[in-house]
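Heads up: the structure comes next, in structure tokens.
Whatever order the structure lists ligands and atoms in, that order sets their numbers, starting from 1. Remember, predicted model here, so these are calculated numbers, not experimental data.
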Amino acid sequence: MTEEKAKKPAKAPKLADPVASSIDVATQQLIARAQELGIDTVWDRAENMKPCAIGMQGTCCKNCSMGPCRLPLPKGGIEGEDTRKGLCGATANTIAARNFIRMVAGGAAAHSDHGRCVAEVFRSVARKENHDYKIKDTIKLKAVAEALNVAITVEVDGEVVDRDIDEIALETAEVAYGEWGKPEGEIIYLKRAPEALYEKWKKAGVLPRNIDREIVEIMHRTHMGVDQDYKNLMKQGARASLADGWGGSMLATDLQDILFGTPYPVQSEANLGIMKEDHVNIIVHGHEPILSEMIIAASQDPEILDYAKSKGAKGIQLGGICCTANEMLQRHGVPVAGTFLQQELAIITGACDAMVVDIQCIFQNLANVAKCFHTKLITTHPIARMEQNNVLHIEFDEHHAMDDAVRIVKMAIDNFENRGAEVMIPQQKATQVAGFGVESILYHLGGTFRGTYYTLNDNIINGRIRGIAGVVGCNNARTRHNESHITIVKELIKNDVIVLTTGCNGIACAMEGLLTPEAGAVYCGPGLAEVCETVGIPPVLHLGSCVDNSRILLAATEVVKAGGLGKDICDLPAAGSAPEWMSEKAISIGQYFVTSGVYTVFGYTFPTAGAPVFEDYLFNEMEKLYGGMWDFEADPIKHAHKMIAHIDAKRKALGIDKARERVLMDMADRQALEA
Ligand code: SF4
Ligand code: MSK
């Protein structure tokens with residue numbers, strides 16, 4: 001290479017178009033602001049690095065060093081026999097299936113390890129080794145104990161009496177903790193599912209034995225030269241996904257509710273406009289509420305508030321990003337600063353005095369952005385540290401949790417005076433009502449006298465509510481931020497489909513104003529609008545964080561139990577969706593929805609496109625085993641209508657399709673009916 005060539009200046013990186021990057025004005029403003037300041041964001045990086053087409057198709061294998069073996073799908077597809085194979089002979093189907101279930105393993109591990117940390121804190125509370133956390137919800141404790149086959153009553157002198165609550169807590173903690181690694185048996189919560197579904201899992205041979213084992217077995221089976229049958233690989237994918245949905249995630253949700261309180265509807269706000277120029281702004285980002293619960297407590301302490309005032313601030317404004325946002329929101333009404341893709345932007349406001357992170361969905365680039373401002377970036381979890389030297393690590397230990405939280409909050413307060421002149425907090429924020437769950441849906445939509453979810457079922461049967469959709473999941477910088485989330489949800493509620501949401505979809509809906517009862521009259525079809533008005537609920541019910549997708553499984557089970565809509569989750573007029581997914585956790589969630597009988601549609605891309613036979617197995621054959629199947633649709637309107645078509649097919653199968661053709665009756669018609 002000549003010296004002249006070597007010195008050729010590098011091309012200036014391309015900049016993202018802010019308006020094409022997001023539908024949200026606050027986000028657009030801050031992307032532009034970052035570009036003005038010469039700071040790159042995820043959208044700029046997406047402009048400059050395109051994804052690998054073979055990786056996207058799921059047919060690149062690097063499971064041994066004879067590879068990577070790359071098996072792209074030829075343009076125009078495969079005609080005749082598919083002869084593609086890796087050096088060892090692995091077919092495109094085998095490679096795609098191995099990659100797919102490794103994503104399930106990654107997602108299930110993330111959810112379940114989060115659950116394990118919560119179980120450890122719960123156990124230390126039950127053992128009275130820890131005084132900063134307490135059991136907040138004893139009713140939930142008893143319900144969870146029963147679900148784990150722990151007795152809540154004892155017989156004393158021939159009389160049945162309540163068992164001591166400390167004893168119940170201790171035994172529940174031990175049994176729950178055992179679910180991760182017990183040597184025999186099966187995951188206890190599987191029996192919470194409708195009986196027909198449990199029997200289906202048993203017949204298919206996918207009952208998970210314990211949480212950790214199923215994840216480990218995926219890593220073993222996908223090692224070079226082990227399982228080479230995509231159907232058998234998927235059997236393990238299904239089993240591990242159940243260990244997540246009905247195991248690690250469900251335990252995480254339940255134990256968090258016991259420790260921190262079961263959510264009930266609260267009013268709050270969402271978007272970056274929740275940050276305040278005259279307050280100390282602390283943004284908490286990640287997933288485990290173990291950290292955020294203590295930060296909330298510390299920031300409400302009168303002494304700490306006085307300390308903040310002594311430093312010239314009017315108060316402390318907490319805000320959340322990602323699922324920590326959802327955890328703080330659903331139990332305390334703490335406002336949400338933004339979704340996954342807005343994490344860098346919270347620092348770019350120039351008003352973020354500290355960003356405190358724990359686990360999952362945290363950009364390493366936060367450290368580079370924080371370098372350009374006064375923001376203290378603090379990692380807190382032993383398994384999630386950053387290499388950059390401007391990042392502080394304050395390891396959060398449940399045995400001195402409050403001391404750690406006070407230290408972090410004081411550090412943010414001390415940093416308030418270091419803010420530069422470059423503060424730009426957008427105005428945008430929306431009101432929201434969040435904090436729904438199995439228990440609160442029962443309260444709002446349940447019948448007092450006639451069984452659990454009776455009123456909800458009645459409204460589905462009479463056609464006011466056409467069906468139920470679970471719309472969940474992340475943002476993805478390869479698609480316009482929030483556009484698919486909002487388009488799909490609006491199309492569903494316009495067609496009288498009530499939406500249950502979690503994760504970043506919940507935050508996107510909040511930012512759009514869809515989480516208010518008033519949204520019913522503005523966006524819904526007449527049936528759903530009527531229900532929202534009568535009951536006073538939003539048409540989109542926010543059920544919490546990513547691990548709280550387990551609440552959707554239990555809500556669906558309650559609908560089955562209430563009667564009139566079949567005997568299994570797959571009989572319900574219901575569908576699932578992750579419009580802008582990016583995380584391995586989304587694949588695990590999607591797989592446990594499918595294995596639990598839910599038709600589940602993903603947007604943006606699907607990671608098996610290079611192996612059409614395997615993809616057909618996921619999209620069509622799986623239904624025969626579990627009643628649910630995968631699908632993919634990038635166009636948001638078509639995506640919503642695929643879900644609606646499935647809901648309508650289920651209504652037809654249940655014989656309630658006619659109920660939607662509602663006829664206005666006058667008095668004579670009614671008298672004729674009564675006669
Ligand atoms: Fe290639 Fe087989 Fe090794 Fe994968 S396991 S990299 S397909 S040789
Ligand atoms: S935070 S996993 S981006 S939903 Fe749970 Fe959002 Fe997806 Fe992370």
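A side-chain N or O of Glu327 and one of Ser545 form a donor-acceptor pair less than 3.5 Å apart. For the residue pair His542 / Asn326, a side-chain donor-acceptor distance below 3.5 Å is found, with atom types taken as modelled. With no hydrogens or angles considered, a side-chain donor-acceptor pair links Thr94 and Thr91 at under 3.5 Å. Using modelled atom types and a 3.5 Å distance limit, the side chains of His111 and Asp244 yield a donor-acceptor pair.
The aromatic rings of Phe606 and Phe602 stand perpendicular to each other, their planes meeting at an angle above 60°, with 30° marking the opposite boundary.
Ion pairing between Glu344 and Arg45 holds under the 4.0 Å rule for side-chain N and carboxylate O. Between Asp257 and Arg551 there is a salt bridge, since a side-chain N of the basic residue sits under 4.0 Å from a carboxylate O of the acidic one. Ion pairing between Asp227 and Arg98 fails under the 4.0 Å rule for side-chain N and carboxylate O.
Contact atoms of ligand 2 toward Gly473: 4 (S) (distance under 4.0 Å to a heavy atom of the residue). Counting atoms of ligand 1 from 1 in the listed order, those under 4.0 Å from a heavy atom of Arg98 are 4 (Fe), 5 (S).
Aromatic pair Phe363/Phe340: ring centres closer than 6.0 Å.
Taking 2.8 Å as the limit, the number of protein N, O or S atoms around atom 4 (Fe) of ligand 1 is 1. With waters neither drawn nor counted, the protein N/O/S atoms under 2.8 Å from atom 8 (Fe) of ligand 2 amount to 1.
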Decide side chain to side chain contact (heavy atoms under 4.5 Å, CB included) for Tyr617 and Trp630; before the verdict, give the C-alpha distance in whole Å, the side-chain angles of both, and the deciding distance to 0.1 Å.
CA-CA 9 Å; Tyr617 183 71; Trp630 286 94; over 6 Å; no
